[in-house]
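Take a look at the structure set out below.
These figures come from a predicted structure and were not determined experimentally. Index from 1, following the sequence.
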Amino acid sequence: MGNIWRTIRTVPVLLALAFVPLIVTAKKYNIGLNGYPWYSNSETSTDLFLYWKGQALILLAFLMTACLLISLAERKWMPEWRRLRSLEILWLGSYLILSVLSSLFSAYPSFAIWGSYEQWEGLFVLLAYGILLLYVYLTVDTEWILRLVVYGLVAGGFLMGLLGTFQFFGMDLFRGERGQKLMNLFIENKMDFTFNFSEGWVYASLYNPNYVGSYAALLLPVLVAVALTEWKKLSRFWIMTAMVGACLMTVTLLGSHSLTGCVGVFASLLFLVVFRWRRIVSTLGWKKLMAAAVGLGAFAAAMTVLFPEQVGAGVDKLFHPKEDTHMIRQMLSTGEGLQITTAGGAEFYVRLTGEETAPLGAADAEGKELALLYHEGGRYYTIEDHAYDYKKDGVVIAEPRLFKTVVTVDGVNYDALRVVDHQFVYEKDKAWTIAKMGNEYRVFNAFQKVDQLQEIPAMGFAGCQHFGDKRGYIWSRTIPLLKDFIVTGSGPSTFTMIFPNNDYIGKTNMNYDGVTVTKPHNMYLQIWTQTGLLSLMAFLLLFAWYFVRSLGLYWNRQPETVLEKLGLAFMTALFGYMVTGIANDSTVAVAPVFWGMLGLGMAANRMVAKDREKQKFDPN
C-alpha cells in the first residue's frame with residue numbers, strides 16, 4: 001500500500017514537469033494599463049501561452065500540499081521531515097518569504113499577487129514553484145520514484161521536441177484547425193488566431209523562441225543521460241524515446257533561433273567536459289576524443305552552411321551589435337524652450353514662437369540664437385551650425401529636422417513641434433511630436449496621448465545599446481532601478497510598472513516606439529527588481545549550496561549507478577539554465593521544470609550520499 005501511495009503522490013510532479021509546459025489555450029483578461037499615457041487605450045487582451053499554465057501549476061501545488069498533509073496524517077508513509085532542516089530549504093524559505101513581503105508592500109498589489117500583462121508569474125505562481133521544489137525533495141525518496149519522474153521528463157521533452165520539429169518543417173499544430181480549437185477551449189466567443197512568427201520559426205508551446213532555448217538547456221542533458229544509461233526495466237523503450245527526443249529537441253533549439261539557448265547548451269557541455277576531463281580522457285582515450293571534437297566541428301560547420309543568416313545574426317548580436325547612430329539622446333521642457341541633448345552631449349533649445357513668419361526659434365546652451373535654415377520643399381527647418389549633426393569619420397550620418405505642426409488633444413488644438421532625427425545612413429528616421437501646452441512642452445506619443453518629458457536615468461552600454469538584440473538598452477535603464485529594491489522589490493510580475501516605459505526618446509531610438517517593455521531579459525535583474533536584492537541572494541545561495549554539494553559528490557568519480565548518472569545530468573542541466581538566465585527571464589512556461597528539476601537534483605544527491613554511506617559499512 002505504501003508503494004501505491006508513493007506512486008500516486010508522484011502524479012502532480014509528473015503533470016507539473018511534463019504537462020504544464022505543453023498547455024496552450026486562450027484567456028481573455030483586463031489589461032489594467034490603459035490609464036497610463038505610455039500604454040494604448042486597449043482594455044482587454046488575450047493570453048495563449050502563460051495564464052493557464054500558471055493556474056494549472058497553482059492547482060497542482062494545492063494537490064501537493066494536500067498529499068503532504070495526508071502523509072503527515074498517515075505516519076508510516078510520512079516523508080523524513082528532518083530534511084526540512086537543510087540549508088537549501090532555509091534559502092528557499094527566505095526567498096519565498098521575501099517574495100510575500102514584496103507583494104504585500106507593492107504599489108501594485110493586484111499585479112503582484114495574480115500576475116499581469118504578458119507576465120503571469122505573480123506571487124501564487126512563485127509560491128507554487130517553492131511548493132513544487134519542496135514536494136519533490138521530500139517525496140522522491142527511492143530510485144524507482146526518481147525514475148518515474150524522469151520518465152515524465154523524457155515524455156514531456158519528446159512531445160515538446162516533436163511539436164517544435166513539426167513547426168520547423170512548416171507543420172505548426174497551432175496554425176491548423178485542431179490547434180485553433182484547442183486554443184479556443186476556454187473562451188465563449190471563438191477567435192481566429194494569427195502568429196507574428198513566420199513559418200519554420202519554432203516557439204513550440206512556450207510563447208517565445210527564447211524560452212525554447214531555456215527549455216532545451218534543461219532537457220537536453222537529461223535526455224542524453226537517459227539515452228546513455230542502461231536501465232533494467234523498460235530500458236530499450238526509454239533509451240529510444242530519449243534518443244529520438246534529444247534529436248527532436250536539437251532541431252527545436254536550432255529552429256527557435258535562440259542564441260541564448262545555444263549558449264546555455266554549449267556552456268553545459270563545456271562545464272561537463274571540464275568537470276569530467278580526467279575521467280573522459282581515461283574512459284574514451286584521445287582518439288575517441290579527437291573524433292568527437294571533429295564531429296562537433298563538422299556539426300558546427302554544417303549549421304553555418306545550412307543556416308548562414310541565423311548563425312550570422314547570432315554572432316552579430318554578441319560581437320557586432322548594430323551601432324547606435326541616433327543623434328538625439330534626451331528632450332526636456334524648460335523655461336527657455338524644448339531642451340534637446342545630442343548623443344555627443346551638446347545642448348540646444350528650440351521654441352515655438354507663435355509667429356507666422358518665424359514660427360520656430362533656436363538657441364545654444366548659452367542662450368545665443370542659432371540660425372535656422374528653412375527647406376521649402378520639405379517644409380522643415382535645420383540648424384545651420386553643423387556642430388549639432390551626428391558625424392562619423394567626417395561624414396554626416398544624422399541631422400535634426402524641425403517641423404511646425406498642430407495636434408489635437410481632447411478636442412483642443414495645440415501648436416506642436418515635430419523633431420526628426422534624420423538618418424542618412426543605417427536606419428530609418430526617428431521622430432517625436434512635442435506639443436506646447438501652456439508654458440510646457442509635452443510629448444504627443446504613438447497612442448495619441450500626451451505625457452511629460454522626463455529625464456530617464458541610464459547606466460552602462462553607452463554606444464552599444466543594441467547589444468544582445470537591444471538588451472543593452474533595457475539593461476541600461478534597469479540598472480539604475482536596482483538601488484531602490486534592496487530589502488523588498490516592486491512585487492512579482494510588476495516589472496512593466498517600474499521600467500521607464502515613458503522613455504519616449506530612448507525607446508524610439510531603439511525602434512521600440514509604441515512598444516511596452518514588460519521584462520528585463522535577465523532573470524537576475526528580474527528577481528532583484530521584483531522581489532528584492534535579498535531574495536536574489538537567497539535564490540543564488542539556494543542554487544549555490546546545491547551546486548557545491550553536487551560538485552563534491554561527483555568530482556573525480558565515475559558515475560556508475562542510475563542515481564549518480566541522473567544526479568550528474570541534473571547538475572549539468574541546471575547549470576545551463578542558470579547561464580540562459582543571463583539573457584532570458586524566468587517564465588511560467590519553463591520555470592516549473594527548473595524548480596522541479598532542482599528538487600530532483602537535491603533528492604538524487606541525498607540518495608547518492610546515503611548509498612555511499614552504506615557502502616562504507618557494507619562494501620559488498
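In terms of heavy-atom proximity, S333 sits nearest to N439 at OG-O, 4.4 Å. The shortest non-hydrogen separation linking P592 to A16 is CB-O, 4.1 Å. Residues Y388 and I383 share a closest heavy-atom pair of CD1-CG2, 4.1 Å. Between Y381 and P359 the shortest heavy-atom distance is OH-CD, 3.3 Å. When all heavy atoms of A26 and T46 are compared, the closest pair comes out as CB-CG2, 3.8 Å. Annotation for L126 and T531: closest pair CD1-CG2, 4.2 Å, computed over non-hydrogen atoms.
Distance check, rounded to the nearest 0.5 Å: CG of L525 to CZ of R471 gives 11.5 Å. One finds the OH atom of Y441 at 13.5 Å from the CG atom of L332 (value rounded to the nearest 0.5 Å). We find the NZ-OG distance between K449 and S40 to be 6.5 Å, quoted to the nearest 0.5 Å. To the nearest 0.5 Å, the span separating OG on S476 from CG on D503 amounts to 8.0 Å. Here the straight-line distance linking atom CG of L33 with atom CD of E43 works out to 11.5 Å at 0.5 Å rounding. Between the CG atom in L96 and the OH atom in Y129 there is a gap of 12.0 Å [rounded to 0.5 Å].
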- Evaluate the criterion side chain to side chain contact (heavy atoms under 4.5 Å, CB included) for residue pair Y95 and I527; output intermediate values, then yes/no. CA-CA 10 Å; Y95 169 74; I527 295 173; 4.2 Å; yes
- Message: Under the criterion side chain to side chain contact (heavy atoms under 4.5 Å, CB included), I'd like the reasoning laid out for W432 against M331: C-alpha separation, chi angles, the key distance, then a yes or no.
- Response: CA-CA 10 Å; W432 302 268; M331 285 190 277; 3.6 Å; yes
- Task: Check the pair H257, V212 against side chain to side chain contact (heavy atoms under 4.5 Å, CB included), reporting the backbone distance first and the verdict last.
- Result: CA-CA 9 Å; H257 304 174; V212 174; over 6 Å; no
- Query: Does the side chain to side chain contact (heavy atoms under 4.5 Å, CB included) test come out yes or no for H326 and Q465, once each step is laid out?
  - Reply: CA-CA 11 Å; H326 57 271; Q465 294 183 61; 4.0 Å; yes
- Message: Run the ring pair (Phe, Tyr, Trp, His ring centres under 6.0 Å) test on F444 and Y414 for me, step by step, so that the C-alpha distance in whole Å, both residues' side-chain angles and the decisive distance to 0.1 Å come before the verdict.
- Response: CA-CA 11 Å; F444 186 74; Y414 296 93; 9.4 Å; no
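R401 and T382 form no side-chain donor-acceptor contact under 3.5 Å, judged by distance and modelled atom types alone. N413 and T408 share a donor-acceptor pair across their side chains, judged by distance under 3.5 Å alone. Judged by distance alone, the side chains of S586 and E121 do bring a donor and an acceptor atom under 3.5 Å apart. Under the 3.5 Å distance criterion, with hydrogens and angles disregarded, a donor-acceptor pair is assigned to the side chains of S116 and S493. A donor-acceptor contact closer than 3.5 angstrom links the side chains of N511 and K430.
With contacts defined as side-chain heavy-atom distances shorter than 4.5 Å, the pair T478/T529 qualifies. A 4.5 Å side-chain heavy-atom check between I456 and Y504 finds every atom pair outside the cut-off. You'll find the side chain of S106 reaches within 4.5 Å of the side chain of T494, heavy atoms only. No side-chain heavy atom of I505 sits under 4.5 Å from any side-chain heavy atom of Q330. For the pair Y215 and L253, the minimum side-chain heavy-atom distance is 4.5 Å or more. Inter-residue side-chain proximity for L338 and L453 is flagged as met; some heavy-atom pair is nearer than 4.5 Å. Residues F467 and W475 have side chains in contact (heavy-atom distance under 4.5 Å, counting atoms from C-beta outward). A heavy-atom distance below 4.5 Å is found between the side chains of L127 and V100.
In this structure, the side chain of S214 does not engage the main chain of G581 through any donor-acceptor pair within 3.5 Å. A donor-acceptor pair under 3.5 Å is absent between the side-chain atoms of W528 and the main chain of L536, judged by distance alone. Counting only distance, with no hydrogens or angles, the side chain of W201 and the backbone of S256 share a donor-acceptor pair below 3.5 Å. Formation of a donor-acceptor pair under 3.5 Å by the N509 side chain with backbone atoms of R329 is not found in this model. Judged by distance alone, with hydrogens and angles left aside, the side-chain atoms of T580 form no donor-acceptor pair with the main-chain N or O of N584 at under 3.5 Å. S102 contributes no side-chain N or O that, together with a main-chain N or O of T488, makes up a donor-acceptor pair within less than 3.5 Å. Side-chain atoms of D585 never come within 3.5 Å of backbone atoms of T587 as a donor-acceptor pair (strictly under, hydrogens ignored). Between the side chain of Q180 and the main chain of F193, a donor-acceptor pair closer than 3.5 Å is present.
Under the salt bridge (charged side-chain N to carboxylate O under 4.0 Å, His left out) test applied with D415, the options K436, K404, R351, R442 reduce to a single match, K404. Checked options D513, N445, N501; the residue passing with K507 is N501 (criterion: side chain to side chain donor-acceptor pair (under 3.5 Å)). Of the candidates F111, W52, Y51, W120, W120 is the only one forming a ring-ring contact (aromatic ring centres under 6.0 Å, His included) with Y29.
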Mind listing the side-chain donor-acceptor pairs of residues 172-179 below 3.5 Å, one per line with the distance, residues two or more places apart or on another chain?
from: D172; atom 1: OD1; to: Q167; atom 2: NE2; distance (Å): 3.3
from: D172; atom 1: OD1; to: F174; atom 2: N; distance (Å): 3.0
from: D172; atom 1: OD1; to: Y203; atom 2: OH; distance (Å): 3.3
from: D172; atom 1: OD2; to: R175; atom 2: NE; distance (Å): 3.1
from: D172; atom 1: OD2; to: Y203; atom 2: OH; distance (Å): 2.5
from: R175; atom 1: NH2; to: F197; atom 2: O; distance (Å): 2.7

Donor-acceptor list for residues 361-368 side chains, cut-off 3.5 Å, not counting sequence neighbours:
from: D364; atom 1: OD1; to: E366; atom 2: N; distance (Å): 3.0
from: D364; atom 1: OD1; to: G367; atom 2: N; distance (Å): 3.0
from: D364; atom 1: OD1; to: K368; atom 2: N; distance (Å): 2.8

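The number of heavy-atom neighbours closer than 6.0 Å to CZ of F62, taken from other residues, nucleotides and ligands shown, is 12 or below. Open room surrounds CD on E356; 12 or fewer heavy atoms of other groups in view lie less than 6.0 Å from it. Around CE of M537, the count of heavy atoms belonging to other residues, nucleotides or ligands within 6.0 Å does not exceed 12.
Using bins of under 30°, 30° to 60° and over 60° for the plane-to-plane angle, the ring pair Y512/Y473 lands in the perpendicular bin. Ring planes of Y524 and F539: tilted class, angle from 30 to 60°.
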